[in-house]
Number of protein chains: 2
Amino acid sequence: MEKNLKRMATMHKMQVTGLELFYKQGFYNTSIDDILKQLDLSKGAFYYHFKSKEDFFISILQNLVVRKVYSMLIEPIEGHDNPLDLITNCMEEALQTAEHNENDYGFVLSNFMNEFNGKNPEIMKYLNDTLKIWEVNLVSALQKGKFNGYVDRHVDCEGVASYIISSFLGIRMLMVEGSATALRYRYMQQLKFYFRAIAQKQTA
Amino acid sequence: MEKNLKRMATMHKMQVTGLELFYKQGFYNTSIDDILKQLDLSKGAFYYHFKSKEDFFISILQNLVVRKVYSMLIEPIEGHDNPLDLITNCMEEALQTAEHNENDYGFVLSNFMNEFNGKNPEIMKYLNDTLKIWEVNLVSALQKGKFNGYVDRHVDCEGVASYIISSFLGIRMLMVEGSATALRYRYMQQLKFYFRAIAQKQTA
DNA sequence: AAAATCACAAACCCGTTAGTCGGTAATATT
DNA sequence: AATATTACCGACTAACGGGTTTGTGATTTT
């Protein structure tokens with residue numbers, strides 16, 4: 001009973017540190033020893049808990065990344081208010097998180113997709129599926145917005161959703177180098193501008 | 001004289017193959033031997049021409065990537081026509097190139113930025129500078145467009161430029177997995193939509 | 001209390017990879 | 001013709017990284 005708790009605790013520590021380093025330095029560029037050194041643990045400990053480095057990474061995706069995507073990117077846009085406002089706030093939050101050098105998990109996803117593309121189909125599938133979940137939820141939020149008269153009925157919700165995701169992933173990429181605050185500010189302005197264009201037209 | 005030509009030819013071959021593999025598999029994930037095997041050359045040949053793997057990569061950036069960024073992303077938007085049209089066509093071209101699995105060099109840049117971020121400041125500087133060149137040229141094209149009455153005078157050209165780059169890099173990232181054609185089509189639609197919003201208002 | 005299991009440590013194996021170095025055939029220079 | 005330089009070969013080294021294995025103290029089960 002106590003044993004199981006210890007097991008979970010150690011695994012969790014490894015996963016948290018692993019995600020941190022994989023995200024900073026890349027998966028292939030981070031050795032298992034790098035992670036273990038930070039935790040004062042040994043190879044034996046690692047291979048006692050995980051089958052392989054790849055298996056370890058997948059467990060990180062399942063236990064840490066997917067949940068965070070839900071809480072940071074999906075739950076905040078659920079509700080019956082104007083989805084364009086909800087999305088605006090959600091993006092703002094995510095970019096501010098990013099600015100403080102914490103992980104916003106949308107970028108984490110695209111970062112890893114970049115690295116694993118063409119190398120590891122299984123991991124790519126996980127990443128892709130997770131991104132898809134975000135997209136699907138954006139689309140349905142927009143459609144609800146259409147129904148409730150917040151979004152113009154002529155807009156292509158799929159198109160808007162992937163445009164939102166694209167621009168977010170792109171700006172996030174630019175923010176790693178260069179003045180993050182200025183980029184965020186400008187990005188939010190243009191996003192709002194774009195949203196005004198797809199909002200329900202108030203014909204006078 | 002003849003010798004120098006041979007030298008250049010060999011170096012060029014190595015650079016072309018190097019870029020191809022680095023782009024496909026990543027820099028750290030591609031060994032020098034991988035490149036040499038494809039060319040039937042030896043380690044000796046490589047280190048005769050280049051100081052190190054890093055030095056080799058920088059030479060690729062200078063000789064191949066920067067030039068391509070100019071010819072594919074910058075020259076097409078120079079001119080006195082409506083910059084929004086020029087940019088639209090340029091993005092369309094780039095995405096079509098990407099769809100045929102050829103390199104569009106904007107994405108090549110962001111791809112490598114992703115990989116080298118936090119690892120190699122010198123290479124990051126090269127990449128960042130190149131991206132900056134693209135951005136600066138976008139801004140000045142937009143400003144000229146303002147002057148010539150194509151772009152609304154209230155728009156923030158810097159903001160628009162980085163929004164364009166962001167969304168492009170983002171959609172390019174999404175295109176590596178998933179249906180590229182559909183994504184391109186939707187992206188272009190939303191981009192045009194956005195451009196209509198920042199175009200000169202024709203007050204009736 | 002004895003036996004079994006857990007959670008790890010530490011040394012080791014082995015493939016890979018950046019970089020070195022001594023050689024050499026072809027070409028250019030004197 | 002003798003010498004020097006160029007462009008390259010291929011064997012080698014040292015370090016690293018993923019994974020294995022053996023061992024061991026602490027804890028749990030019987």
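The sequence lines fix the lettering, A, B, ..., with proteins before strands; numbering per chain opens at 1. Everything quoted here is computed from the prediction, not taken from an experiment.
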- Message: Measuring from the side chain of A:Ile32 (C-beta onward, heavy atoms only), which nucleotide among D:dG18, D:dC9, C:dT17 has the closest atom?
- Response: D:dG18
- Would you classify A:Asn29 as touching base, sugar-phosphate or nothing, given that sugar-phosphate means primed atoms plus P, OP1 and OP2, and contacts are heavy atoms under 4.0 Å? nothing
- In terms of heavy-atom contacts, A:Ile171 and B:Ser166 come closest through CD1-OG, 3.2 Å
- With the side chain defined as heavy atoms from C-beta on, B:Ser52 is closest, among C:dC8, D:dG18, C:dG19, to C:dG19
- Message: Ignoring hydrogens and geometry beyond distance, is the side chain of A:Lys53 in donor-acceptor contact with the base of D:dG19 at under 3.5 Å?
- Response: no
- Query: Does C:dC8 have OP1 or OP2 sitting under 4.0 Å from an N or O in the side chain of A:His49?
  - Reply: yes
- Taken to the nearest whole Å, NZ/A:Lys13 to C1'/C:dC8 is 11 Å
- According to a strict under-4.0 Å criterion, is A:Tyr47 in side-chain N/O contact with OP1 or OP2 of D:dT20? no
- Report the distance from atom CZ of B:Phe46 to atom C1' of D:dG10, rounded to the nearest whole Å. 16 Å
- Query: Is it true that the NZ or CZ of A:Lys144 lies under 6.0 Å from the centre of A:Tyr150's six-membered ring and within 45 degrees of the ring axis?
  - Reply: no
- For atom OH of B:Tyr28 and atom C1' of C:dT16, their distance in whole Å: 17 Å
- Task: Would you mind reading off the distance between B:Leu39 atom CG and D:dC9 atom P, rounded to a whole angstrom?
- Result: 10 Å
- Message: It should be established whether B:Tyr48 places a side-chain nitrogen or oxygen under 4.0 Å from OP1 or OP2 of nucleotide D:dC8.
- Response: no
- Message: Need one value for A:Asp34: base, sugar-phosphate or nothing, where a base atom within 4.0 Å counts as base even if backbone is also close, heavy atoms only.
- Response: nothing
- Message: If only side-chain N and O atoms count, and only distance matters, is there a donor-acceptor pair under 3.5 Å linking A:Thr181 with A:Glu99?
- Response: yes
- Between CG of B:Leu36 and C1' of C:dT16 the distance, given in whole Å, is 15 Å
- Message: Can you confirm whether the side chains of B:Asp85 and B:Thr88 place a donor and an acceptor under 3.5 Å from each other?
- Response: no
- Message: I need the NZ-P distance between B:Lys37 and D:dC8, as an integer number of Å.
- Response: 20 Å
- Message: Base of C:dA18, side chain of B:Lys43 - is there a donor-acceptor contact under 3.5 Å?
- Response: yes
- Item | B:Glu122 with B:Lys125: basic N within carboxylate O range, under 4.0 Å | no
- Message: Can you work out whether A:Gly44 or A:Asp33 has the more 5'-proximal nearest nucleotide on DNA chain D?
- Response: A:Asp33
- What's the CZ-C1' distance between B:Phe27 and C:dA18, to the nearest Å? 10 Å
- Item | N or O in side chain of A:Thr10 less than 4.0 angstrom from C:dC8 OP1/OP2 | yes
- Item | Spacing of A:Phe57 atom CZ relative to D:dG18 atom P, expressed in whole Å | 14 Å
